[in-house]
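Here's the structure, in structure tokens; my notes come after.
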Amino acid sequence: MESLWKKETGELQAQESQGKETYDVIVIGAGMAGILTAYYLQEAGKKVLVLEANEVASGQTEGTTAKITSQHGLKYSKLLRNVDRERAEGYAKANEEAIREYERLIKELGIDCQFEKCTAYLYATVDERVLKKEAKAASLLGIDAFYREKTELPIKVLGTVGFRNQACFQPLEFLKVLCQKLTVLEYRKVLKIKGQEVITENGTYTADKIVVATHYPIKNVPGFYFLRQHQERSYVLALSGCKKINGMYLGIDGEEISLRQAGEYLLLGGAGHRTGKEKRCYARAKLEEYARKYFPEATVEGFWAAQDCMPHDGIPFIGRYSWLTPNLYVATGFQKWGMTSSMVAALLLRDEICGMKNPYRHVFSPQRFLIRAGGWKFLIDVKESIKGMLTGLFYKKAPRCAHLGCGLHWNAEEESWDCPCHGSRYDKDGKILDNPSMRNLENKL
Ligand SMILES: Cc1cc2nc3c(=O)[nH]c(=O)nc-3n(C[C@H](O)[C@H](O)[C@H](O)COP(=O)(O)OP(=O)(O)OC[C@H]3O[C@@H](n4cnc5c(N)ncnc54)[C@H](O)[C@@H]3O)c2cc1C
């Protein structure tokens, strides 16, 4: 299940570090968030080391569809309903600025990564009224948004909301250039963070500040991120031979399909579910059925999956890891919008670590507590966690997760053991595939 990007780009070459020096900042995790954060900190004059458990961009970033957009589903009407206007405005501005910053950086460094500006659309096939509200909310918050009925798609659509001046790119070609400028140590899985020390499988490294950019934070306490978000998995088909589309699309009702053009390929994503909650072998079949219906001339060239962290209140956690850890930082909870969120994280963490003011600090602060926006989802997650832990304790036929002991579910589609509580995944032999678990399964499969 190799992604299109991985096929095109192959392995990314990172600079190796020679000795065991002391660094100003260690960034743990070399995905989009970690590499961008390291890059901006280094540009600001910091001596930075990146530690990566596997290879650069081998995590969720490899599986992204790489839309660079502030259009995060029906985000702005929800934010206006659930949080104060200033926070909603901050969220919109930070993400819009992230798009402009990608454009500036790619131009400045001359990166050839198929960066293209385009319009992003949400489309409705059942009820378009919510889209009218979304267009109004986004415009109110400063986004160049509009409502329109017609699209270029071969799908019967009732209405769309478009955001102008959005973009897309080839994420691995972009990261390839950045990581050549950084010191990245691959195959250095971090096992523990102890004060200023970062302990890996292959030695200990020290820094004044440490950034956890491991997709799902690897330290349970403090921070308690496992109580504040869950993970959702989705799937992508790469299709060839269909008519090219100009915009990027996301369905908000019905089948909730994501579409974007990537060179010769049309990327068709969807069939999302909470990780560990779909036992059937159905995602590929569902997406192929959709492709046959709307793009009958298409040939399937690739299929892959990835997952992301979904914070209860719908806002990423970017900033101090916890009140108790002044030198430890985090970037997580990107809710399948990690391209702009990673850029927001990189700029915010650079400012925070360099002692500069960032206007969006309070918007993304992990120390916030937004009960109206996240309370209900928190209760659902607590229920799922209790259920998972009880299954782990009493249902002996399923293996138990090495993270917090929850009962694992077999994922027939990908032949993996998945945790429905926090989203850790293992292959059929018990080898760890996805965080937050840090260990392979020891209990019998
Ligand atoms: C199907 C799908 C489509 C998506 N499409 C889009 C899109 O179009 N636009 C968009 O904005 N977002 C999209 N997203 C979301 C986006 O892909 C992610 O939010 C983003 O890639 C996450 O980047 P990251 O750097 O946080 O995580 P990752 O890319 O997972 O990077 C984390 C890194 O940390 C490393 N690591 C983990 N544990 C350790 C450890 N203990 N020690 C050292 N290293 C460690 C991992 O190996 C990994 O390389 C999509 C998500 C999915 C699931």
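Note that ligands are numbered from 1 as they come in the structure, with each ligand's atoms numbered from 1 the same way. If you read the sequence from its start, that first residue is 1, and numbering goes on from there.
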No-hydrogen, no-angle side-chain donor-acceptor test under 3.5 Å, [X] and [Y]:
X	Y	value
Gln166	Thr69	yes
His403	Asn220	yes
Tyr23	Gln196	no

- prompt: Where does Glu232 meet ligand 1, judged by heavy-atom distances below 4.0 Å: at the side chain, the backbone, both, or neither?
  reply: neither
Option set [options], criterion heavy-atom distance to [atom], minimum:
atom	options	answer
atom 43 (C) of ligand 1	Ser258, Ser234, Ala53	Ala53
atom 36 (N) of ligand 1	Thr275, Thr214, Thr69	Thr214
atom 13 (C) of ligand 1	Lys336, Gln60, Lys67	Lys336
atom 33 (C) of ligand 1	Gln335, Glu52, His215	Glu52

message: Need the ligand 1 atom indices (1-based, order shown) with element for anything under 4.0 Å from a heavy-atom of Phe334.
response: 19 (O), 26 (O)
- request: Go through ligand 1 atom by atom and flag the ones less than 4.0 Å from a non-hydrogen atom of Ala306.
  value: 53 (C)
query: Between Phe115 and Tyr102, is a ring-ring contact (aromatic ring centres under 6.0 Å, His included) present by the stated rule, with each step listed?
result: CA-CA 9 Å; Phe115 179 86; Tyr102 269 111; 7.5 Å; no
task: Could you tell me whether ligand 1 has any atom less than 4.0 Å away from a heavy atom of Ala66?
output: yes
- prompt: Closer than 4.0 angstrom: is that true for some heavy atom of Arg188 and an atom of ligand 1?
  reply: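 The answer is yes, since Arg188 has a heavy atom less than 4.0 Å from ligand 1.
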query: Counting both backbone and side chain atoms, is some N or O of Thr65 under 3.5 Å from an N or O of ligand 1?
result: yes
message: If I apply the N/O under 3.5 Å rule, does Met32 come out as touching ligand 1?
response: yes
